[in-house]
Amino acid sequence: MKPRTRHVLLLWLLLCSGFTEAIEPISTSIAVGMAAALTGFLARYQNIFYYFHECCRPEWISLNSTGLQADLESKLFGQHVASRIILKAVNGFMSNDNPKKPLVLSLHGWTGTGKNFVSSLIAENIYKEGMDSSFVHVFTSELHFPHPSQIETYKTQLQQWIKGNVTNCARSMFIFDEMDKMQPGLIDSIKPYLDYYDKLDGVSYRKAIFIFLSNAGGDSIIQTALDFWRGGRDREEIELKDLETSLSLSVFNNKKSGFWHTSLIDKNLVDFFVPFLPLEYRHVVQCALSGMADRGLPPNQDVADQVARDLVYFPKSERVFSVKGCKTIDSKLDYYT
Ligand SMILES: *[C@@H]1O[C@H](CO)[C@@H](O)[C@H](O)[C@H]1NC(C)=O
Ligand SMILES: *[C@@H]1O[C@H](CO)[C@@H](O)[C@H](O)[C@H]1NC(C)=O
């Protein structure tokens with residue numbers, strides 16, 4: 001082994017595994033001696049090391065609560081209900097050093113309303129490396145579980161992945177995209193991990209975060225939003241309780257969506273159902289302006305209006321909500337700017 005490789009490995013042990021904290025109880029004199037010997041060494045390499053190697057430690061994983069709140073307020077549009085639930089849920093969970101079960105969020109709403117975006121905001125405000133973190137895992141049925149005939153293999157694989165990753169790092173995050181397309185039974189296989197167990201096979205899953213994204217219930221959320229709009233009521237008046245009943249009914253009764261064949265709901269394994277409302281013209285304009293800012297462009301209201309006008313709105317008669325939410329804004333901006 002080359003000396004440099006050895007140094008890097010040693011550093012990994014020291015910094016990633018919490019070895020420096022483990023020294024303490026051994027013996028003060030040994031620790032002092034070691035610490036003295038290591039100081040120069042660490043001083044030379046620490047920054048480089050931290051720069052290159054993500055570890056399962058608070059330096060790399062801790063919630064920036066003000067950051068999450070600021071992001072939800074300034075980057076997510078038209079989702080006052082979702083925004084509130086997410087902030088409360090994530091804050092509560094991350095500030096608890098000894099949670100009784102993993103955090104399980106189920107995000108519902110039609111396409112382009114911000115479910116994926118919110119997941120990445122959560123990741124970015126917990127993990128220094130954000131969505132690129134080696135502790136954040138995204139699963140989609142098309143990519144990871146494409147062949148219905150191999151469901152049994154997938155189940156075993158998924159269990160092993162989650163177990164392996166949580167063993168490596170208790171504060172791991174798992175995002176399941178397009179739950180509607182997941183095969184029935186797949187999520188059933190990881191149900192025990194979502195439950196109130198102290199440990200399963202020596203592994204505790206209580207500090208992990210699971211996020212499920214789906215369109216299920218989207219129609220009933222739209223109906224509620226439309227009822228408010230037709231009643232001339234302010235969208236911001238919509239509360240979770242206005243959506244909850246119709247959401248859970250439509251989710252329960254939707255036989256097509258793999259997720260709901262499972263007993264996740266009956267067993268109350270999902271901690272929070274998070275509804276995403278359909279987006280109106282003004283929200284699309286906000287998305288466009290925000291997209292410009294992301295590209296370092298000055299805000300241009302005319303272009304934002306143009307982009308928003310180009311989208312299709314429904315229902316046909318009133319044209320209130322964008323069919324694809326903010327989904328195609330980015331590619332439209334490429335075209336107009
Ligand atoms: C938390 O987020 C805020 C707002 O984005 C940022 O100004 C601040 O530096 C962050 N704090 C830490 C500790 O990263
Ligand atoms: C962690 O999950 C990824 C999939 O996101 C998988 O490829 C990898 O093998 C898992 N790691 C372990 C140690 O199981």
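Indexing begins at 1, ligand by ligand and atom by atom, following the structure's order.
Those atoms of ligand 1 with a heavy atom of Asn64 less than 4.0 angstrom away are 1 (C), 2 (O), 3 (C), 8 (C), 10 (C), 11 (N), 12 (C), 14 (O).
Ring orientation note: the planes of His144 and Phe139 are nearly perpendicular, at an angle over 60° on the 30°/60° scale.
Around the NZ atom of Lys101, the shell of radius 6.0 Å holds more than 12 heavy atoms that belong to other residues, nucleotides or ligands. Atom CG of Asp201 has 12 or fewer neighbouring heavy atoms from other residues, nucleotides or ligands inside a 6.0 Å radius.
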Would you sort out whether Tyr127 and Asp132 count as a side-chain hydrogen bond (donor to acceptor under 3.5 Å, both in side chains), showing the intermediate values?
CA-CA 9 Å; Tyr127 302 88; Asp132 294 330; over 6 Å; no

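Among all protein heavy atoms, the one lying closest to atom 5 (O) of ligand 2 is His137 ND1, 3.1 Å. Taking atom 14 (O) of ligand 2 as the reference point, the nearest protein heavy-atom neighbour is Gly164 CA, 3.5 Å. Of the protein's heavy atoms, Gly67 CA, 3.9 Å lies nearest to atom 4 (C) of ligand 1. Summary of contacts: the protein heavy atom closest to atom 2 (O) of ligand 2 is Asn165 ND2, 2.3 Å.
Distance remark: protein heavy atom not present below 4.0 angstrom from atom 7 (O) of ligand 1. Checking atom 11 (N) of ligand 1 against the protein gives a heavy-atom contact under 4.0 Å.
The two residues Met182 and Thr140 make their nearest non-hydrogen contact at CE-C, 4.1 Å. Across every non-hydrogen atom of Gly130 and Val136, the tightest pair is O-CG2, 3.7 Å.
Only the backbone of Gln160 comes within contact range of ligand 2, with a heavy atom under 4.0 Å; no side-chain atom does.
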